[in-house]
Amino acid sequence: MSIIAENLQYAYGGTPVLRGVDLTVPTGERIGIIGVSGGGKSTLLKLLSGLYAAQTGVVEVHGATTPQAIRRQVAMVLQSAMLFPASIRENITCGHPMAEAVIERACKAAQLADWIAALPDGLDTFVGERGGKVSGGQAQRIAIARAIAKDAPVVLLDEATSALDGATGGAVLAAIDRLTAGKTVVSVSHHPGALVHCTRVYRLEGGRLHHA
Amino acid sequence: MRDLQALLRATGGWRRFALLILLRSPFDALHTLVRAVYLQAAFNAIQRGDARGLGISCAVFGIGSLLLFLYNGTVWTLYATHTVRWIGTVRRKLFAHIASLPLAQIEAQPSGSWITRLNADVQAAAALLSQPLHLPHAVCGMVNLAVSSLVLVCIRPAIWGLVALFVVPHLLISRFVIARPMTALAESAQQITAQNTADLDALITCADTAILYDAQDYLLERFRRSSLALRRANMRMRRRSACGAGLYTLLGLSGYLLVLLLGGAWIAAGALTFGDLTAAFQYRGGMIMGAVMLTNSLINCRAALAGVRRVNETMQLPKEGL
C-alpha cells in the first residue's frame, strides 16, 4: 500500500474537522475526494503530506510514518500556486543542487519549455511570490515542474485545476498528466468533473469519508 | 524639496507646517544672542566689581531664558501634534491609493515592496518633518548660523574671519562629499529593505511549499543575504554620517584653539575684555552649532527624501479604471 490512514482525527481548537478517517491507496492508484469548501479536504491532504502531524490516528505514506519522512515521499500542487520571490530555476530546485537536464525535463513535462525559451533571461527570469510576474496558469505549471523535479512516488492535488479555464487549463491538465503518470495520486476537489480520471472517488462529509 | 512640495500638496497641511517651522526657526539664534549678551554683561560686571550689575544680568538672563523656552515648547508641541496628524493622513491616503490599484499592478511587485511602501517609506518621509536633525532643525541651524555670523562680523570681524575659515570648508565638504550621495544611498537601502521584507514574507506565505520541498534553509539563506545587503547599505550611510562627525571635531577644535590663542593675545594687549571674548565665543558657538545642525540635517534630509520620492511614486501610480 502506498498510503494508509487509520482513524485520523483532527480539530482546530475545539472544532473537529476530521472524525476518524480511514483510507488505503494502493501504489499507482489514483483516487479522488470530493466535498464542500471547509469540509476538511485540505486538512486531510496536509495530514497525508506530512505538513500536519495527526492528533489521533496513524498516517503511513510509502512506508514513512513521521511527518519529516512522509514529506520526502510526497509532491503537492495547490489551487493557488505560491511562488518564491526568486527565479523560475530557484522555484523549481527550491535551492537544492539539481542537474540542468532534470530542470529542463521538468519544464518540458510541465509545458513550460517554449515559454521559458522565449524569455530573455530564460530559467533565470524573476517571478513574484504570488505569480505577479507570470500568469496564473504559468505559475501553476512552475509549481507542477517543481513537483515533477522532486520525483516523489505520491502526488497530492488540492483543487489543482479549479481556477483554470480554456487553453491555460488545457496546458495545466497536460502538465498534471505528466506529473501523475505512474504515481499514486490523491486529488481533492469540490468539483466532480475534476475527478473523472480517478479510479475511486470518496465524499468527505461530517469529517468522515464515504464512497461517492 | 520639489518632492516634499508634491507630497504636501497631495496630503494638505503645508501652510501650517511652513508657519510652525517659521515660528520655531529663531529659537537657537535667540538663545545664542541671550547667552552671549548675558555672559558679556556678567563678565564685564565682574571685571568692574559691579555686584548689582551682575545681579541684574543674571535676573534678565533667567527671565529671558524662561520665556524663550516656554515659547519654544509651545511651538514645538503644536508642531509635533500637526506632524502626527499628517503622518496618519499620509499613511491613510497611501493605503487608499494602493487599495485602488489594479490587481495586476499589485501582483507585479513582491508583497515586501508594498509593505515597505506603507511602513519604511512613510517613516522615512515623515522623518523629514518629524525627527530631530531634519528639516525643522535645518531651518533653525540656518537662522542661527546667519544671525550669529552677522552679529560676530559686526562686533569682531577678525574673530568672524577666523571662525569662517573653519566653518566654510566644513559646510562645503559636508554638502558635496557627504550629503549629496546620501539620497542615492538611502534609495538603494529602501529597495534592499523591500527585497528583505519580501524574503521575510516568503518564509510565512510560502511556508507550506517551503516545508514540503525542504526549502526552509534556502529561504533563510535568501533572507540572510538580503539582511546582509541591507546592513551594508545602512553602513554606507552611517560611514558618511560618521565622516561628518569627525570633520566637526577636527575643524571645530582647531578653530577653537586658534581663536583662544589669538583672543588671549588681544586681551593681554588690552584690545579686548574677557567678557567680549566670551561673547565672541558664544557667537562662534552659534555659527558652528548652526553649521553642524544645518549640515547634519541636510544629510538626514537627503536620506529622508528617498522615502518622500517613493511615497510620491506610489501616489502617482494610476488607479484602476484610469
Side-chain angles (χ1 to χ4, degrees), chain A residues 42-43 45-46 48-53 61 67-87 89-98 126-136 138-139 142-152 154-156 158, chain B residues 98-120 190-230 313-314 317-320:
Chain A
S42 295
T43 303
L45 277 200
K46 281 174 178 162
L48 295 180
S49 64
L51 283 174
Y52 286 179
V61 178
Q68 292 84 352
I70 289 172
R71 291 200 287 263
R72 280 187 221 115
Q73 308 300 326
V74 171
M76 187 151 85
V77 179
L78 307 166
Q79 177 181 11
S80 172
M82 292 298 290
L83 300 180
F84 303 136
S87 65
R89 180 193 303 279
E90 287 170 300
N91 266 287
I92 292 170
T93 64
C94 293
H96 299 299
M98 205 173 273
F126 177 85
V127 291
E129 76 258 43
R130 291 152 298 166
K133 303 270 182 186
V134 297
S135 73
Q138 284 157 346
I142 292 172
I144 292 168
R146 178 195 287 156
I148 292 171
K150 187 173 180 182
D151 195 24
V154 176
V155 176
L156 306 178
D158 188 359
Chain B
I98 290 172
S100 62
L101 292 175
L103 182 61
Q105 178 123 41
I106 293 173
E107 290 197 338
Q109 299 278 340
S111 58
S113 166
W114 298 112
I115 294 167
T116 303
R117 281 165 198 260
L118 279 166
N119 288 325
Q190 294 291 80
Q191 280 166 6
I192 297 169
T193 302
Q195 192 192 327
N196 186 243
T197 312
D199 288 340
L200 179 65
D201 198 42
L203 286 167
I204 309 299
T205 54
C206 303
D208 50 2
T209 307
I211 293 170
L212 202 59
Y213 290 89
D214 196 18
Q216 297 105 312
D217 287 346
Y218 160 70
L219 288 181
L220 279 171
E221 175 59 19
R222 282 184 66 88
F223 182 61
R224 190 192 68 80
R225 278 206 302 264
S226 61
S227 297
L228 201 64
L230 183 59
E313 275 171 24
T314 311
L317 292 173
K319 290 182 181 178
E320 191 175 26

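Side-chain atoms are counted along with the backbone in the values below, which use heavy atoms only and exclude waters and symmetry mates. Quick caveat: nothing in here was measured; it's all calculated off a predicted structure. The sequence lines fix the lettering, A, B, ..., with proteins before strands; numbering per chain opens at 1.
- Neither the backbone nor the side chain of A:Ala152 comes within contact range of chain B; no heavy atoms are under 4.5 Å apart.
- Separating the CG atom in A:Asn91 from the OH atom in B:Tyr213 is a distance of 11.0 Å, to the nearest 0.5 Å.
- Rounding to the nearest 0.5 Å gives a distance of 11.0 Å between CG of B:Leu212 and NZ of A:Lys46.
- At a 4.5 Å heavy-atom cutoff, the contact between A:Leu78 and chain B is made by side-chain atoms alone.
- Here the closest heavy-atom approach between residue A:Pro85 and residue B:Ala198 is recorded as CG-O, 4.0 Å.
- Both the backbone and the side chain of A:Arg146 come within contact range of chain B, with heavy atoms under 4.5 Å apart.
- Of all heavy-atom pairs between B:Tyr218 and A:Ala86, the closest is OH-CB, 3.2 Å.
- When heavy atoms are compared at a cutoff of 4.5 Å, B:Asp214 approaches chain A by way of both its backbone and its side chain.
- Between chain B and the residues A:Cys94, A:Gly50, A:Ser49, the most heavy-atom pairs under 4.5 angstrom are made by A:Cys94.
- For A:Glu90, the parts lying near chain B are the backbone and the side chain together; criterion is any non-hydrogen pair under 4.5 Å.
- Contacts of A:Leu45 classified as side-chain contact (heavy atoms from CB on, under 4.5 Å), with partners at least two apart in sequence or in another chain: A:Leu48, A:Met76, A:Leu156, A:Asp158, A:Val186, A:Val188.
- Using a 4.5 Å heavy-atom threshold, the side chains of A:Phe84 and B:Thr209 count as touching.
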